[in-house]
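Presented below is the structure to which this report refers.
Just so you know, these numbers come straight off a predicted model, no measurement behind them. All heavy atoms count here, side chains included; hydrogens, waters and symmetry mates do not.
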Amino acid sequence: MADKAVRPESLAEAAHVMRTAAAAREAVLCTGAGSALSWGAPPSRSGVVVVETAGLDGVISHTAADLTVGVQAGMRLNELQQLLAPAGQWLPCDPPAAAEGATLGGLLASADAGPLQLAFGSLRDLVIGATVVLADGSVVRTGGQVIKNVAGYDLAKLFAGSLGAFGLIAELTLRVHPLPAATATLAVPVEGIDGALAAARAAIRSPLEPVAAEWDGAQEMLIRFHGTPRGVEERMRIAASVPGLAGARAVDGEECWGRLAAQVRGGEGDTILRVGARPAHLPELVRSLDEGARRHGIDVAVTGSIAIGVLTTRLRGDDAAAHAFCLTAWRHTVHALGGTVTLRRRREGVDAHADAWGPAPSAVPVLRALKRQFDPDDRCAPGRFTPWF
């Protein structure tokens with residue numbers, strides 16, 4: 001049975017769609033731009049109601065003096081940045097999916113983040129209020145409209161990374177920041193993951209205050225600065241004299257960061273894994289992956305915000321069975337060291353050889369209880385977290 005799509009254009013319409021699906025006992029799959037539909041496990045049912053949030057794309061409020069903006073969750077991040085720019089403001093969030101038209105609700109539901117996470121956190125850290133629609137059509141509001149408001153249970157953080165399994169994110173209130181007057185990027189030559197980790201630590205411990213520090217997976221660590229023109233120029237001038245950053249040189253930031261984002265997104269036939277682990281464990285994990293990939297003739301590309309323990313790995317070449325073997329073996333190594341792995345994209349056929357999710361984390365019993373409370377009939381994004389719940 002083919003899926004059917006609906007596109008509500010208001011909160012009331014979104015609630016009606018969810019109530020109607022509940023009455024008909026239909027499963028629902030909420031989606032923004034669709035850039036994260038390949039993440040995790042595929043939906044376990046056909047004939048689901050696909051709730052497209054692209055129609056929920058308006059600005060609800062913008063209080064520039066308070067540095068807050070309220071938006072419908074189907075608004076694209078790039079569009080929000082354009083709307084905020086005339087006020088000299090922006091949302092400091094640069095996930096790779098932004099180039100694919102990612103929506104704000106989708107970014108929260110997927111917990112996607114880019115290099116700016118080093119300084120500003122992920123989108124969940126910029127959310128101060130949210131309105132969600134649960135599986136039965138109930139509308140729930142959490143948080144507030146001002147930064148200091150801490151009333152109520154923070155459902156927005158619960159929905160972060162949920163892939164729509166708890167309901168529909170309909171509206172968000174976000175904390176924005178002043179646009180930087182200047183920005184610049186340095187490239188620091190490094191030797192492998194060990195050199196990259198040393199350079200990242202040197203940059204963070206220095207007085208340079210970088211907003212991003214990303215390893216390109218080869219021979220450079222990219223370091224980004226924001227600030228006043230004079231301040232950025234001064235940091236660029238002294239960076240090469242900072243211990244651990246010898247040889248630093250200015251580069252075209254737009255080109256470099258765009259190239260890294262494209263690598264993180266991957267392409268047809270790639271398998272993309274996102275890893276979180278202690279920074280000190282990353283060299284061991286990278287070497288382990290390289291060894292396994294070489295045995296199967298797979299090309300591996302790694303990039304990451306290694307200072308905060310995040311790696312993205314692209315597997316390319318050979319067949320689906322080889323990709324699945326590398327996924328399973330590396331996931332075992334990562335979990336043994338206390339880390340996590342998210343499957344973001346897979347070569348066709350990988351699901352026949354490997355599970356989308358690895359060993360269940362200790363929080364799974366809590367997540368199952370929340371799933372039973374918010375969606376007792378398991379109709380929201382069914383199967384996306386199989387076999388956890």
[Y] and [X], any side-chain heavy atoms less than 4.5 Å apart:
X: Phe225; Y: Glu209; answer: no
X: Glu171; Y: Val139; answer: no
X: Leu315; Y: Leu289; answer: yes
X: Leu77; Y: Leu104; answer: yes
X: Leu123; Y: Leu91; answer: yes
X: Leu56; Y: Leu11; answer: no
X: Ser35; Y: Arg265; answer: no
X: Pro361; Y: Thr340; answer: no

Kindly give the heavy-atom pair with the smallest separation between [X] and [Y], and that separation in Å.
X: Leu163; Y: Ser110; answer: CD2-CA, 4.0 Å
X: Ala280; Y: Pro283; answer: O-CD, 3.6 Å
X: Arg7; Y: Gly55; answer: CG-N, 3.6 Å
X: Trp215; Y: Ala196; answer: CD1-CB, 3.4 Å
X: Val232; Y: Ala182; answer: CG2-O, 3.8 Å

* Asked: Tell me the salt bridge (Lys or Arg N to Asp or Glu O under 4.0 Å) pairs involving residues 12-23, sequence neighbours left out?
  ->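 Sorted result for residues 12-23: empty, none.
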Ion pair [X]/[Y], N-O distance below 4.0 Å:
X: Arg314; Y: Asp299; result: yes
X: Glu234; Y: Arg237; result: yes
X: Asp378; Y: Lys371; result: yes
X: Asp318; Y: Arg347; result: no

* Asked: Between Val28 and Met18, does a side chain to side chain contact (heavy atoms under 4.5 Å, CB included) hold up when you go through it step by step?
  -> CA-CA 8 Å; Val28 295; Met18 298 294 277; 4.0 Å; yes
May I have the list of side-chain donor-acceptor pairs in residues 240-255 shorter than 3.5 Å, sequence neighbours left out?
from: Ser241; atom 1: OG; to: Ile238; atom 2: O; distance (Å): 2.6
from: Arg249; atom 1: NH1; to: Glu220; atom 2: OE2; distance (Å): 2.8
from: Arg249; atom 1: NH2; to: Glu220; atom 2: OE2; distance (Å): 2.6
from: Asp252; atom 1: OD1; to: Glu254; atom 2: N; distance (Å): 3.2
from: Asp252; atom 1: OD1; to: Glu255; atom 2: N; distance (Å): 3.3

* Parallel, tilted or perpendicular for Phe120 and His177, by the 30°/60° rule? ->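 The arrangement is perpendicular - the two ring planes meet at more than 60°.
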* **Phe166 and Phe159 aromatic ring geometry - parallel, tilted or perpendicular at 30°/60° bounds** =>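 Because their plane-to-plane angle is over 60°, the rings of Phe159 and Phe166 count as perpendicular.
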* Exceeds 12 heavy-atom contacts within 6.0 angstrom, atom NE2 of His16 ->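 Incorrect, the count does not exceed 12.
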* Could you tell me whether Arg278 atom CZ has more than 12 heavy atoms of other residues or ligands within 6.0 Å of it? =>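 Counting neighbours around CZ of Arg278, 12 or fewer heavy atoms of other residues, nucleotides or ligands fall under 6.0 Å, so no.
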* Asked: Do you reckon Ile272 sits in the same ILVMFWY cluster as Leu327, going by side-chain contacts under 4.5 Å, direct or chained?
  ->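 Different clusters.
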* Asked: Can you tell me how far the OG atom of Ser162 sits from the CG atom of Leu108, to the nearest 0.5 Å?
  ->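 It is 7.0 Å, given to the nearest 0.5 Å.
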* **Arg224 and Thr185 side chains, donor-acceptor separation under 3.5 Å** =>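 Looking only at side-chain atoms, Arg224 and Thr185 do not form any donor-acceptor pair under 3.5 Å.
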* Full working for side chain to side chain contact (heavy atoms under 4.5 Å, CB included) between Ile204 and Leu118 -> CA-CA 10 Å; Ile204 291 172; Leu118 174 68; 3.8 Å; yes
